[in-house]
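Everything on this sheet refers to the single structure shown next.
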Amino acid sequence: MSDVEFIEIPEGLIRILKNSKKVVALTGAGVSAESGVAVFRGAKDALFSKYKPEEIATPEAFRKNPGLVWEWYEMRRKKLKEVKPNPGHYALAKMEKIIDDFYIITQNVDGLHRQAGSEKVIELHGNIMNNKCFQNNHHIGELPLSDEVPPKCPICGSYIRPDVVWFGEYLDPDKIALAEKLTEQCEVFFSIGTSSVVYPAAGLIPLAKECGATVVEINPEQTEKSYCPDYIFRYPSGKVLPYIVEKLLNSTGS
Ligand code: BJW
């Protein structure tokens, strides 16, 4: 797929986008794949190829082996400091400037949408660079200097953990309520680079469809929700999204 030269964007989709005020993009790990960030499932270098998700991204796993889970996140944080947003992230940031009310609802914790300049971003699963304590959710700014792995909360003494949402944990109710409201009201809903298996995020795709949005899927592979879209692009998002933005900017018709 990487040798793709040109992707035709249907006129019909551009017309709908030009006439839309409310547009939402739900993104997943695939949108960051072209930046060199590993996806979670499937690929050879997938983040869950060594550990199953339920073995590592859960409160139970942290209780059982806090050092292992902490080190896994430290390894990912280190890698993230070396990567940059890709053309897909930048194209989405441009869409925010072109479309009246454009929101990104991301499952990603890597912060690359904001780095690319997007401002209206809902980070459903948190941000890997932030920390809180395990017992009481005390927000931890600067990590305390300590030889302990993980370090401990200066307020209550419980272990510090990344401020991300693990399996079995509730998402921030304000964030998911806003995500659902935006999804119900939007005219176009993009699903980009997500396998669409993790809830409640995956449920937004059929919700958008039920509420009448034009649904667009951008993913080189079929997904669990590929029965929903009106338009499907089986290409990497870093290739498709810049073409959509270019055509949106250059199209003259209404
Ligand atoms: C490209 C590309 C390129 C490659 N361009 N594309 C309803 C039904 C069944 C179960 C549940 C349900 N409701 C809740 C649950 C339980 C559970 C769940 O969903 N389980 C399912 C797995 C069955 N959900 C939860 O526990 C959630 N909490 C919750 O609902 O609380 C209430 C509750 C509690 C208990 C019981 C019931 C309800 C919390 C979910 C938290 C998910 N956390 C993680 C880790 C975050 C921290 C971290 O980063 O470590 O979030 S798991 C992981 O998966 C991460 C991701 O955000 C998430 C989604 O993955 P994503 O983004 O889709 O990545 P991949 O790798 O799966 O897919 C990548 C895609 O990209 C592929 O399709 C590629 O083809 C594509 N791609 N290159 C475009 N260049």
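Quick caveat: nothing in here was measured; it's all calculated off a predicted structure. Count residues from 1 along the sequence. Each ligand, and each atom within it, is numbered from 1 in the order the structure gives.
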Short N or O distance, [X] and ligand 1, threshold 3.5 Å exclusive:
X	answer
V165	yes
V198	no
G168	yes
N108	no
T223	no

For G238 and P87 the tightest heavy-atom approach is O-CB, 3.6 Å
Minimum heavy-atom distance between S35 and N86, given as atom pair plus value: OG-ND2, 3.1 Å
Which of the atoms of ligand 1 are close to [X], meaning less than 4.0 Å from one of its heavy atoms?
X	value
V109	49 (O)
E221	75 (O)
T194	61 (P), 63 (O), 70 (C), 73 (O)
R76	48 (C), 49 (O), 50 (O)
W166	39 (C), 41 (C)
V39	66 (O)
A33	78 (N)
V164	47 (C)

Under-4.0 Å heavy-atom contact between protein and [atom]:
atom	value
atom 16 (C) of ligand 1	no
atom 59 (C) of ligand 1	yes
atom 3 (C) of ligand 1	yes
atom 36 (C) of ligand 1	no

Residue, atom name and distance, where the atom is the protein heavy atom closest to [atom]:
atom	answer
atom 73 (O) of ligand 1	N219 ND2, 2.9 Å
atom 51 (O) of ligand 1	H125 ND1, 3.1 Å
atom 62 (O) of ligand 1	A29 N, 2.8 Å
atom 33 (C) of ligand 1	Y170 CE2, 4.2 Å
atom 5 (N) of ligand 1	S237 N, 2.9 Å
atom 77 (N) of ligand 1	G30 CA, 3.6 Å
atom 69 (C) of ligand 1	G193 O, 3.7 Å
atom 31 (O) of ligand 1	E169 O, 3.0 Å

Quick one: do [X] and [Y] end up in the same hydrophobic cluster if we chain Ile, Leu, Val, Met, Phe, Trp and Tyr together by side-chain heavy atoms under 4.5 Å apart?
X	Y	result
L26	I218	no
L178	V23	no
F6	V240	yes
L92	Y243	yes

For ligand 1, which part of [X] has a heavy atom less than 4.0 Å away: the side chain, the backbone, both, or neither?
X	value
Q107	both
V197	backbone
R41	both

Test applied, side chain to side chain contact (heavy atoms under 4.5 Å, CB included); reference residue, F62; option that passes from L68, I56, V69: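 That would be V69.
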Pick whichever of F167, Y199, W72 has a heavy atom sitting closest to atom 10 (C) of ligand 1.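 Heavy atom nearest to atom 10 (C) of ligand 1 belongs to Y199.
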Quick one: does C211's side chain get under 4.5 Å of F189's, heavy atoms only?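 Answer no - side chains too far apart.
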Can you find a pair of side-chain heavy atoms, one from D101 and one from K120, that are under 4.5 Å apart? yes
Are side-chain N/O atoms of R234 and S226 paired as donor and acceptor at under 3.5 Å? yes
Side chain of K225, backbone of S191: donor and acceptor closer than 3.5 Å?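 Not at all, since once roles are kept as given, no pair shorter than 3.5 Å links the two residues.
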Is it true that [X] and [Y] make a salt bridge, defined as a side-chain N closer than 4.0 Å to a carboxylate O?
X	Y	value
R76	D110	no
E11	K247	yes
E169	K132	no

With a sphere of 6.0 Å drawn around CD of E82, does it hold more than 12 non-hydrogen atoms of other residues, nucleotides or ligands?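 It does: E82 CD has more than 12 such atoms within range.
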Check this for me: E119, atom CD, are more than 12 non-hydrogen atoms of other residues, nucleotides or ligands nearer than 6.0 Å? no
Less than 6.0 angstrom from the centroid, inside 45 degrees of the normal: does R77 satisfy that with respect to the ring of W70?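 Yes; both conditions hold, so R77 lies above the ring face of W70.
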